[in-house]
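First listed ligand is number 1; within each ligand, the first listed atom is number 1. For clarity, every value in this text was computed on a predicted model and none was experimentally measured. Note: hydrogens, waters and symmetry copies are ignored here, and every other heavy atom, side chains too, is used.
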Amino acid sequence: MKKDENCLFCKIVSGEIPSKKLYEDEVTVAFYDVAPQAPIHFLVVPKEHIASANELTAANSAIVAHCFEVIVKICKEQGITDYRIVNNCGDQAGQSVKHLHFHVLSGRDMTWPPG
Ligand code: DGP
């Protein structure tokens, strides 16, 4: 599995950097965001290092489907029915960590369009 030794989320996946994990399987890890933007804010990340959504191809895109299944599983288990899934891709879109991740935000009214 591809890893990047300088990547923050690869270090969280490996446990080198601690996080408040709420789910883990062979393919993904979910952990609470250190800077929550809503009462509930966690991230689902693939264990494999994929720098952004822009790096997805037919060869690795099944990981995205798995991430969404994990999101639904966690939300069902936690009784979360209304939520927003966000992926920031690239600097201008606000991606600060260059390892594919999906934000799950819940527990407050969400605005649209996003800023
Ligand atoms: P983005 O800006 O879309 O790349 O989201 C990155 C998120 O990662 C941001 O909401 C803050 C979160 N984050 C950054 N560093 C850490 C960390 O060390 N631990 C945790 N749990 N979250 C982090």
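Nearest protein neighbour of atom 15 (N) of ligand 1, counting heavy atoms only, is Leu8 CD2, 3.2 Å. The shortest contact between atom 21 (N) of ligand 1 and any protein heavy atom is with Tyr32 O, 2.9 Å. Regarding atom 4 (O) of ligand 1, its nearest protein heavy-atom neighbour is Ser96 N, 2.7 Å. In terms of protein heavy-atom proximity, atom 20 (C) of ligand 1 is nearest to Val34 CB, 3.4 Å. Scanning all protein heavy atoms for the shortest distance to atom 11 (C) of ligand 1 gives Asp33 OD1, 3.2 Å. In terms of protein heavy-atom proximity, atom 8 (O) of ligand 1 is closest to Phe9 CZ, 3.4 Å.
Which of His41, His101, Gln95, Lys20 comes nearest to atom 5 (O) of ligand 1 through a heavy atom is settled by distance: it is His101.
The pair Lys47-Glu24 meets the salt-bridge criterion, since a charged nitrogen lies less than 4.0 angstrom from a carboxylate oxygen. Between Lys73 and Glu77 there is a salt bridge, since a side-chain N of the basic residue sits under 4.0 Å from a carboxylate O of the acidic one.
None of Ile50, Leu43, Val45, Ile12 except one satisfies the side chain to side chain contact (heavy atoms under 4.5 Å, CB included) rule with His99; the exception is Val45.
In this structure, the separation between CG on Asp82 and CG on Leu105 is 13.0 Å, given to the nearest 0.5 Å.
Geometrically, ligand 1 and Gly94 share a nitrogen or oxygen pair separated by less than 3.5 Å. Looking at ligand 1, you won't find any N or O of Ile17 less than 3.5 Å from one of its N or O atoms. Backbone and side-chain nitrogen or oxygen atoms of Val97 are examined, and one is located within less than 3.5 angstrom of a nitrogen or oxygen of ligand 1.
Seen from the ring of Phe31, Lys20 does not count as a face-on cation partner, given the 6.0 Å and 45° thresholds.
Taking a 4.0 Å cut-off on heavy atoms, Ser19 fails to register as neighbouring ligand 1. At least one heavy atom of Ile12 sits under 4.0 Å from some atom of ligand 1.
Remark: the Asp25 side chain and the His66 side chain contain an N/O donor-acceptor pair separated by less than 3.5 Å.
Contact atoms of ligand 1 toward His103: 1 (P), 3 (O), 5 (O), 7 (C), 10 (O) (distance under 4.0 Å to a heavy atom of the residue). Atoms of ligand 1 lying under 4.0 Å from any heavy atom of Leu43, numbered from 1 in the order shown and given with element: 8 (O).
The minimum heavy-atom distance linking Asp33 with Pro36 is given by the pair O-CD, 3.5 Å.
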